[in-house]
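Heads up, the thing below is written out as structure tokens.
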Amino acid sequence: MKKMKSLLIAAVMFFGVGTTAVMAQSKVAHIDVQVLMSELPAMKTAEAQLKKLGEDYDKNFTTMMTEYQTKIQKYQNEAATVGDATNEERALEIENLQQRIQQFRTTAEQDLQQKQYELSQPILEKTLAAIQKVGKAQGFNYVLDSSLGSGVLLADGDNLLAAVKKELGVN
């Protein structure tokens with residue numbers, strides 16, 4: 001039993017030292033990709049386009065909601081004085097408008113997400129290529145994303161943010 005314990009300890013020490021030696025040979029750097037992306041002029045342009053599109057959708061939504069509220073108010077004010085057929089017709093009209101509003105909201109959200117992807121994906125790809133280029137040029141084996149929530153608990157090594165910004169032509 002003691003031999004088994006000794007063997008186990010020796011194996012742990014051997015593999016532990018081996019792992020440490022491998023880690024010592026690897027060069028690791030980090031970069032906050034979110035900060036980098038937020039400082040890129042192309043990303044600022046994309047965000048401005050998305051903001052404009054969102055404002056257009058909000059304007060249309062507000063118009064539809066005003067129309068909806070006006071119809072409900074008219075229906076409530078005149079319900080007692082008009083016939084059942086008119087009330088049913090107005091109720092159906094209000095229901096249809098409510099469905100159109102819901103469909104508009106869903107479509108607008110999907111369109112905004114799609115547009116955000118279309119605008120940001122090429123920028124992200126260019127950014128990642130620049131990070132890889134700078135990382136390889138500086139001899140790093142690994143470059144970690146140190147953005148908030150990325151899982152990096154300590155980012156005390158080399159930071160490539162300035163070098164990658166230089167590669168991308170950002171001051």
Enter the distance from [X]:[atom1] to [Y]:[atom2] here, rounded to the nearest 0.5 Å.
| X | Y | atom1 | atom2 | answer |
| --- | --- | --- | --- | --- |
| L50 | T45 | CG | OG1 | 11.0 Å |
| L112 | D56 | CG | CG | 10.0 Å |
| M64 | I101 | CE | CD1 | 5.0 Å |
| L124 | M37 | CG | CE | 5.0 Å |
| Q34 | S146 | CD | OG | 9.5 Å |
| E109 | Y57 | CD | OH | 11.0 Å |

Verify same cluster id: [X], [Y] (apolar side-chain graph, 4.5 Å):
| X | Y | answer |
| --- | --- | --- |
| F104 | I94 | yes |
| I31 | L40 | yes |
| I123 | L53 | no |
| V33 | L119 | no |
| L36 | L144 | no |

When you measure from the side chain of [X] to the backbone of [Y], do you find a donor-acceptor pair of N or O atoms at a distance under 3.5 Å?
| X | Y | answer |
| --- | --- | --- |
| K52 | E47 | no |
| N87 | A79 | yes |
| T107 | Q103 | yes |

Go through Y68 and Q98 one step at a time and tell me if the side-chain contact (heavy atoms from CB on, under 4.5 Å) criterion holds. CA-CA 7 Å; Y68 176 73; Q98 188 177 22; 3.6 Å; yes
Shortest non-hydrogen contact from V134 to A163? CG1-CB, 3.6 Å
Atom of K27, atom of Q138 and distance for their closest heavy-atom approach: NZ-O, 3.2 Å
Checking E67 against R100 for the side-chain contact (heavy atoms from CB on, under 4.5 Å) test, could you report, in this order, the C-alpha distance in whole Å, the side-chain angles of both residues, the deciding distance, and whether it holds? CA-CA 12 Å; E67 179 186 355; R100 282 196 345 249; 4.3 Å; yes
Could you give all pairs that pass the salt bridge (Lys or Arg N to Asp or Glu O under 4.0 Å) test and reach residues 123-136, with sequence neighbours left out? K133-E167
Is it true that S147 and D32 share a donor-acceptor pair across their side chains at a distance under 3.5 Å? yes
Any donor-acceptor pair under 3.5 Å linking the side-chain atoms of Q114 with those of E118? yes
Measure the shortest side-chain to side-chain distance between K165 and L161 over non-hydrogen atoms and say whether it is less than 4.5 angstrom. yes
Check against side-chain contact (heavy atoms from CB on, under 4.5 Å), K71 and L97: CA-CA 9 Å; K71 287 185 186 262; L97 183 55; 3.9 Å; yes
Whether over 12 other heavy atoms sit under 6.0 Å from E89 CD: no
Quick check on D84: does its CG atom have over 12 non-hydrogen neighbours (other residues, nucleotides or ligands) under 6.0 Å away? no
Among N159, L128, I131, the one residue meeting side-chain contact (heavy atoms from CB on, under 4.5 Å) with V164: I131
Sidechain N-carboxylate O distance under 4.0 Å for K44, E39: no
Give the intermediate values and the outcome of side-chain contact (heavy atoms from CB on, under 4.5 Å) for residues M43 and S38. CA-CA 6 Å; M43 197 62 177; S38 70; over 6 Å; no
